[in-house]
Amino acid sequence: FSGAVDAMFDLSPRVLIVSAPACPEIRERLQSMVVHTPIFLLSERIEGNNLFYFGSDARQDGIALAEAFRKAYPERRRMLVIDMAQNSVRTNAFLSADSSLHVVHRLELSDRHPSSAAILARQIASEVTETFDCVYCGNGSIPIVCLALDKLKIDPNVICIGYENPPGNAKFFENGRIGLTLCQDIAAQSELCAKAVIELSERRCFPNQKYNYIDSKILSAPGRDCPKERTAHAD
């Protein structure tokens with residue numbers, strides 16, 4: 001990734017649009033490149049002058065998912081939390097917004113995604129000692145979490161909630177293992193970024209970060225007593 005960014009930067013672009021993976025090395029590299037060239041970020045928010053993020057508000061996403069979950073599943077209060085450091089803002093906002101939850105265990109993963117359902121299943125089996133009726137997934141790996149639960153023969157009535165809508169979600173939505181997800185509107189995100197590029201190119205107007213957030217969408221499983229799709233409005 002660094003090599004590709006360096007190659008683009010060597011072309012002296014007026015603005016650089018980057019979908020950056022979440023890691024400290026990339027963050028530092030991008031922060032060092034913005035002295036003369038603004039960078040628009042589509043996947044990972046990075047703080048700094050001349051760095052502009054177009055995406056969802058992590059804190060508001062956490063609050064919106066918590067509110068939707070509380071309304072859709074008021075009886076489910078015993079939660080296993082599967083979390084990662086990169087998503088801590090979103091996860092902490094979710095947990096703070098629903099004080100009635102009992103977190104039976106907070107399993108923190110060091111990598112961006114679990115490497116396999118089998119490894120995650122072993123980790124859950126070795127670390128989680130209390131029963132739970134729902135699972136929160138702090139990243140886009142809900143299908144792997146669902147597979148891990150199936151490997152452990154966890155009651156099919158135990159639901160998963162989380163973020164993003166990867167292709168593997170479909171069958172778990174249909175069988176009810178996934179109850180709710182909250183995913184970014186990629187089309188709206190890209191459109192807003194494109195408009196900002198035009199403004200910068202034609203008028204030298206830099207984006208206002210306050211207005212760069214895109215509302216996320218809450219998707220619910222078929223047959224559940226909650227809206228099929230709604231928007232989570234940013235503050």
Practice task
Run the salt-bridge test on D98 and R77 with the 4.0 Å N-O cut-off and return the result as yes or no.
Solution key: yes

Exercise for the section: Could you check if a side-chain atom of F69 sits within less than 4.5 angstrom of a side-chain atom of L182, using non-hydrogen atoms only? Expected result: no

Exercise for the section: For the residue pair P38 and V34, establish whether any side-chain heavy-atom pair is separated by less than 4.5 Å. Expected result: no

Handout entry: Validation row: L149, C160 side chains within 4.5 angstrom (heavy atoms)
Key = yes

Exercise for the section: Would you indicate whether the side-chain heavy atoms of M8 and L16 approach each other to under 4.5 Å? Expected result: yes

Practice task
Report the residues that fulfil side-chain contact (heavy atoms from CB on, under 4.5 Å) with H102, sequence neighbours left out, ordered by chain and then residue number.
Solution key: R78, V104, E130

Practice task
Would you mind reporting whether R177 and D150 have side-chain heavy atoms less than 4.5 Å apart?
Solution key: yes

Practice task
Start with the C-alpha gap between F172 and I142, add the side-chain angles, then the distance that decides, and say whether side-chain contact (heavy atoms from CB on, under 4.5 Å) holds.
Solution key: CA-CA 9 Å; F172 296 113; I142 299 181; over 6 Å; no

Exercise for the section: Show your reasoning for whether side-chain hydrogen bond (donor to acceptor under 3.5 Å, both in side chains) applies to S56 and D61. Expected result: CA-CA 7 Å; S56 64; D61 272 3; 3.0 Å; yes

Problem - Heavy-atom donor-acceptor pair, D155 side chain to V158 backbone, under 3.5 Å - result: no

Practice task
Side-chain contact test, heavy atoms from C-beta onward, threshold under 4.5 Å: evaluate it for N165 versus L219 and give yes or no.
Solution key: yes

Practice task
Give the intermediate values and the outcome of salt bridge (Lys or Arg N to Asp or Glu O under 4.0 Å) for residues E25 and R29.
Solution key: CA-CA 6 Å; E25 294 78 13; R29 184 74 187 99; over 6 Å; no

Problem - Any pair counted as ring pair (Phe, Tyr, Trp, His ring centres under 6.0 Å), so long as it reaches residues 134-163, sequence neighbours left out - result: F94-Y136, Y136-Y163

Handout entry: Pair R204 + E199: basic N to acidic O under 4.0 Å
Key = no

Exercise for the section: Identify whether F54 and F206 are in the same connected component of the hydrophobic contact network (ILVMFWY, side-chain heavy atoms under 4.5 Å). Expected result: yes

Handout entry: Min side-chain heavy-atom separation I178-N169 under 4.5 Å
Key = yes

Exercise for the section: Name the orientation class of the two ring planes belonging to Y53 and Y213 (parallel below 30°, tilted from 30 to 60°, perpendicular beyond 60°). Expected result: perpendicular

Handout entry: Note, I161 side chain near C137 side chain (heavy atom, < 4.5 Å)
Key = no

Problem - N157 versus R76, side-chain donor and acceptor atoms under 3.5 Å - result: yes

Exercise for the section: Please test H36 against N50 for side-chain contact (heavy atoms from CB on, under 4.5 Å), starting from the C-alpha separation and ending with a verdict. Expected result: CA-CA 8 Å; H36 302 294; N50 267 13; over 6 Å; no

Problem - Expected output: side-chain S201 to main-chain V197 donor-acceptor under 3.5 Å - result: no

Exercise for the section: Please report the C-alpha distance between V145 and V135 in whole Å, then the side-chain angles of each, then the deciding distance to 0.1 Å, and finally whether the side-chain contact (heavy atoms from CB on, under 4.5 Å) criterion is met. Expected result: CA-CA 9 Å; V145 174; V135 181; 3.9 Å; yes

Practice task
Might you confirm whether atom CG of D10 has over 12 heavy atoms from other residues, nucleotides or ligands at distances under 6.0 Å?
Solution key: yes

Practice task
Give a yes or no on whether a salt bridge exists between E47 and R45, defined as a side-chain N under 4.0 angstrom from a carboxylate O.
Solution key: yes

